[in-house]
Asks: 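Before I ask anything, let me first share the structure, which is written out below as C-alpha cells.
Numbering starts at 1 and runs along the sequence shown. Predicted model, so just to flag it, every value in this text is computed and none were measured.
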Amino acid sequence: VQLQAFGGGLVQAGGSLRLSCAASGRTFSRDIMAWFRQAPGKEREFVSTINWSGSNTYYADSVKGRFTISRDNTKNTVYLQMLSLKPEDTAVYYCASDQRLTLGINDDYTRPYEYEYWGQGTLVTVSS
C-alpha cells in the first residue's frame with residue numbers, strides 16, 4: 001500500500017501549483033483522502049479533505065478560497081490545486097487516506113493520527 005505525492009516545487013508568491021497523490025496497492029475509492037502540510041519547526045497541519053465521491057470537501061481557513069481538492073477514483077489519485085500562493089504556504093505537503101473516517105460528524109478529519117496511510121511528502125516553496 002503506497003501513496004505517492006508529487007508536483008511540488010519553487011514558485012513565486014501569487015503563483016500556482018497542482019499537487020497529485022497517486023495511490024497503489026489497494027483501491028482507495030472509498031477512502032477519505034486528505035492533504036496536510038508541515039513547515040520547518042512546526043507541527044503537521046490539516047489543509048483539506050475530500051470524501052469518497054468528491055461531493056464533500058473541507059478546507060483549513062488559511063487556504064479556503066485559494067486551494068481546491070479533487071479526486072479521480074478511476075486513477076486512484078487525489079489532487080490539490082493551489083492558487084494565489086503565499087510564502088506562508090511553504091511546507092512539505094503530505095497526502096493521507098483512511099477508510100474509517102466519516103466527514104460531517106466531527107473534526108476528526110483534521111487530526112493527522114486519524115489517517116492510516118501516508119505519502120512521503122512533496123516540498124512546496126513559495127518565494128516572496
Asks: Relative to F28, does R26 satisfy both conditions: NZ or CZ under 6.0 angstrom from the six-membered ring centre, and within 45 degrees of the ring's axis?
Replies: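 Geometry flag: set, cation within 6.0 Å and 45°.
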Asks: Between R71 (side chain only) and T77 (backbone N and O only), is there a donor and an acceptor less than 3.5 Å apart?
Replies: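 A pair under 3.5 Å: no.
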Asks: List the steps and the verdict of side chain to side chain contact (heavy atoms under 4.5 Å, CB included) for L80 and Y93.
Replies: CA-CA 10 Å; L80 186 69; Y93 283 70; 4.2 Å; yes
Asks: Counting only N and O atoms by type, is there a donor-acceptor contact under 3.5 Å from the side chain of T122 to the main-chain atoms of F6?
Replies: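 Not confirmed, T122 side chain does not pair with F6 backbone.
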Asks: So do the side chains of L3 and S97 get within less than 4.5 Å of each other, counting heavy atoms only?
Replies: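 Answer yes - side chains close enough.
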Asks: Cation-pi between R111 and F46: NZ/CZ under 6.0 Å from ring centre and within 45° of the ring axis?
Replies: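 Geometry flag: not set, cation outside 6.0 Å or 45°.
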Asks: Shared ILVMFWY cluster between V47 and I32, side chains joined below 4.5 angstrom?
Replies: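 No, no single cluster joins them.
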Asks: Does Q120 reach the main-chain N or O of A5 with its side chain, forming a donor-acceptor pair under 3.5 Å?
Replies: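 Yes, the answer is positive, given that a donor and an acceptor are paired below the 3.5 Å cut-off.
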Asks: Got a donor-acceptor contact below 3.5 angstrom from the S48 side chain to the Y58 backbone?
Replies: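 Flag set: sc S48 to bb Y58 pair under 3.5 Å.
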Asks: How long is the straight-line distance from OG of S29 back to NZ of K75, given to the nearest 0.5 Å?
Replies: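 That separation rounds to 15.5 Å.
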Asks: Just by distance, do the side chain of N51 and the backbone of N56 share a donor-acceptor pair under 3.5 Å?
Replies: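 Judged by distance alone, yes, a pair lies under 3.5 Å.
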Asks: Should we say atom NZ of K64 is surrounded by more than 12 heavy atoms from elsewhere, each under 6.0 Å from it?
Replies: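 Count over threshold, so yes.
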Asks: Is the Lys NZ or Arg CZ of R44 less than 6.0 Å from the centre of Y94's six-membered ring, within 45° of the axis?
Replies: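 That pair qualifies as a cation-pi contact.
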